[in-house]
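See below for the structure under consideration.
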Amino acid sequence: QVQLVESGGGLVQAGGSLRLSCVASGGTFSTYGMGWFRQAPGKEREFVAVIYWSSGNAYYEDSVKGRFTISRDNAKNTVSLQMNSLKPEDTAVYFCAGTDSPIVTYGPAGYVYWGQGTQVTVSS
């Protein structure tokens with residue numbers, strides 16, 4: 001059973017940066033890729049970014065392109081999300097998730113493993 005633990009959330013002013021990390025354990029070989037999602041109060045969980053363990057290929061939601069960077073460290077089973085130029089609309093709980101599909105997957109239904117989430121709050 002894959003377990004995911006996120007860290008790195010917090011409170012930051014608009015224009016600032018945060019770095020989220022997700023450590024995977026318990027059989028990461030069963031996942032093709034790791035993604036980040038976010039969910040703001042009253043809104044649906046939305047895709048942010050995904051990276052694939054083998055190829056390193058990464059994909060982003062349009063509103064975060066150029067501001068967020070996802071990376072992975074295969075040796076440490078860790079995926080990180082560097083978030084720069086943060087905006088108040090980036091405020092949400094951010095979740096790390098693992099997908100067992102080799103096809104690029106953007107919807108939450110395509111992810112089978114989930115972390116507990118970490119709060120990111122961007123003040124204006």
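Counting all heavy atoms, side chain and backbone alike, Pro88 lies closest to Ser124 at CG-CB, 3.8 Å. Residue Met34 comes nearest to Cys22 through the heavy atom pair CE-SG, 4.0 Å, listed as atom of the first residue, atom of the second, then distance. Residues Arg72 and Ser55 approach most closely at NH2-C, 4.0 Å, considering heavy atoms. Shortest non-hydrogen contact noted between Ser17 and Asn84 is OG-OD1, 2.9 Å. Shortest non-hydrogen contact noted between Tyr60 and Ile70 is OH-N, 2.9 Å. Residues Leu18 and Val12 approach most closely at CD1-CG1, 4.0 Å, considering heavy atoms.
To the nearest 0.5 Å, atom OG of residue Ser101 and atom OH of residue Tyr111 are 8.5 Å apart. In this structure, OG1 on Thr91 lies 7.5 Å from CD on Gln119, to the nearest 0.5 angstrom. Interatomic distance, Ile51 CD1 to Asn57 CG, rounded to the nearest 0.5 Å: 8.0 Å. To the nearest 0.5 Å, atoms SG (Cys96) and CD (Gln116) are separated by 9.0 Å. A distance of 7.0 Å separates CD of Gln3 from CD of Gln1, quoted to the nearest 0.5 Å.
Taking hydrophobic clusters as Ile, Leu, Val, Met, Phe, Trp and Tyr residues chained together by side-chain heavy-atom distances below 4.5 Å, Phe37 shares a cluster with Tyr106. Transitive grouping of hydrophobic side chains (ILVMFWY, heavy atoms separated by less than 4.5 Å) brings Val112 and Val2 into a common cluster. Under the 4.5 Å side-chain contact rule for hydrophobic residues, Tyr32 and Val23 do not share a cluster. Hydrophobic clustering (side-chain heavy atoms under 4.5 Å, transitive across Ile, Leu, Val, Met, Phe, Trp, Tyr) groups Phe47 together with Val104.
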Next item on the list: Would you check, one step at a time, whether the test side-chain contact (heavy atoms from CB on, under 4.5 Å) holds for Val79 with Trp53?
Entry: CA-CA 9 Å; Val79 174; Trp53 289 116; 3.7 Å; yes
Checklist line | Step-by-step side-chain contact (heavy atoms from CB on, under 4.5 Å) determination, Phe95 to Leu4 | finding: CA-CA 9 Å; Phe95 297 89; Leu4 306 177; over 6 Å; no
Item checked: Derivation of the side-chain contact (heavy atoms from CB on, under 4.5 Å) call for Arg45 and Trp114 -> CA-CA 12 Å; Arg45 192 167 298 189; Trp114 290 87; 3.3 Å; yes
Item checked: Test side-chain contact (heavy atoms from CB on, under 4.5 Å) applied to Trp36 and Glu6, step by step -> CA-CA 10 Å; Trp36 287 95; Glu6 304 103 331; 3.9 Å; yes
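No side-chain heavy atom of Val122 sits under 4.5 Å from any side-chain heavy atom of Glu89.
Remark: Arg67 engages Asp90 in a salt bridge (Lys or Arg N to Asp or Glu O under 4.0 Å) (not counting sequence neighbours). Residues meeting the side-chain hydrogen bond (donor to acceptor under 3.5 Å, both in side chains) test with Tyr94, sequence neighbours left out: Arg38.
Of the N and O atoms on the side chains of Ser80 and Gln82, not one donor lies less than 3.5 Å from an acceptor on the other residue.
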